Amino acid sequence: MQVAPMQAALTAAYVFHTLFAGLWVGAVVITAWKVIPLARDGDASSELLGGVVSGVSTITRVGALVFLATGGHMAATVYGAEGLFAPPRGHVVLTMLALWVVMTGLVEVGGSKVRSALEQNKVRTAARDAGTFYNAAAVIGFVLLVLGGYLSV
């Protein structure tokens, strides 16, 4: 059985998009759920917190490129310009795009708060200042995965 090049590209886009979404959301959830509370309680070093936040920021920035390329390809191939404005699936895709931008912003602001506080070696302050941003990003990430599941059917 031969797969057409367009179908192979679309399948690859779905695979990379889904894998990277899982990696990104998972990293944000672990940071919000485990790392930030440890730092807030004084049980994490500045090196640990800084390293985790740096890693999540890297995943977020690389993810922006991956999501733009793969999501753009999927949207253009599956929906087209008109389909993105057609309910319900097109609206879900546009909602996901907006949530992706918000989540990216939350992770970037949270990371900035951590880096600023760690410059003064204030681990607990870093965690306290960034916790809300990472928690909100984790919730949005969960919603994004649910919406992605809806679209996969």
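Excluded from the calculations below are hydrogen atoms, water molecules and symmetry mates; all remaining heavy atoms, backbone and side chain alike, are included. Everything numeric in this text was worked out from a predicted model, so none of it was measured.
In terms of heavy atoms, Gly149 sits closest to Ser152 at O-OG, 2.7 Å. Nearest heavy atom pair, residue Arg115 against residue Ser57, reads NH1-OG, 3.4 Å. Nearest heavy atoms, Val107 versus Ala137: CG2-CB, 3.8 Å. Minimum interatomic distance between Ala32 and Asn135 (heavy atoms only, all atoms of both residues): CB-OD1, 3.4 Å. When all heavy atoms of Ala138 and Val29 are compared, the pair lying nearest together is CB-CG2, 3.9 Å.
Here the straight-line distance linking atom CD1 of Ile36 with atom CG of Asp41 works out to 11.5 Å at 0.5 Å rounding. Interatomic distance, CG of Leu97 versus CG of Leu144, reported as 10.0 Å (0.5 Å rounding). Here the straight-line distance linking atom CZ of Arg61 with atom OG1 of Thr104 works out to 10.5 Å at 0.5 Å rounding. Atom CG of Leu151 sits about 6.0 Å away from atom CE of Met96, to the nearest 0.5 Å.
Using a distance-only test at 3.5 Å, with no hydrogens or angles considered, no donor-acceptor pair links the side chain of Ser54 to the main chain of Gly51. Checked by atom type and distance alone, the side chain of Tyr134 pairs as donor or acceptor with a backbone atom of Gly111 at under 3.5 Å. Using modelled atom types, no side-chain atom of Arg124 and backbone atom of Ala39 make a donor-acceptor pair closer than 3.5 Å. Within the 3.5 Å criterion, the main-chain N or O of His91 finds a donor-acceptor partner in the side chain of Thr95.
Put simply, the side chain of Leu147 reaches to within 4.5 Å of the side chain of Leu99, judged on heavy atoms. In this structure, the side chains of Ile140 and Trp100 stay at 4.5 Å or more apart for every pair of heavy atoms. Between Asp129 and Val114, the closest side-chain pair of non-hydrogen atoms is not below 4.5 Å.
In this structure, Val15 is not a member of the same hydrophobic cluster as Val93, with clusters built from ILVMFWY side-chain heavy atoms closer than 4.5 Å. Hydrophobic clustering (ILVMFWY, side-chain heavy atoms < 4.5 Å, transitive): Leu38 and Leu49 are in distinct clusters. Residues Leu19 and Val56 do not share a hydrophobic cluster, defined by chaining ILVMFWY side chains whose heavy atoms lie under 4.5 Å apart. Hydrophobic clustering of Ile, Leu, Val, Met, Phe, Trp and Tyr side chains at less than 4.5 Å, counting indirect connections, unites Tyr150 with Met103. One hydrophobic cluster, built from ILVMFWY side chains closer than 4.5 Å, cannot hold both Tyr14 and Phe16; they sit in different ones.
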Listing, residues 65-82 side-chain donor-acceptor contacts under 3.5 Å, not counting sequence neighbours, or none:
{"unit_1": "Thr70", "atom_1": "OG1", "unit_2": "His17", "atom_2": "ND1", "d": "2.6"}
{"unit_1": "Thr70", "atom_1": "OG1", "unit_2": "Val66", "atom_2": "O", "d": "2.7"}
{"unit_1": "Thr77", "atom_1": "OG1", "unit_2": "His73", "atom_2": "O", "d": "2.7"}

Test log, rule side chain to side chain contact (heavy atoms under 4.5 Å, CB included), inputs Trp24 and Val62: CA-CA 10 Å; Trp24 183 40; Val62 171; over 6 Å; no

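The environment of CZ in Phe142 is sparse: at most 12 heavy-atom neighbours from other residues, nucleotides or ligands sit within 6.0 Å.
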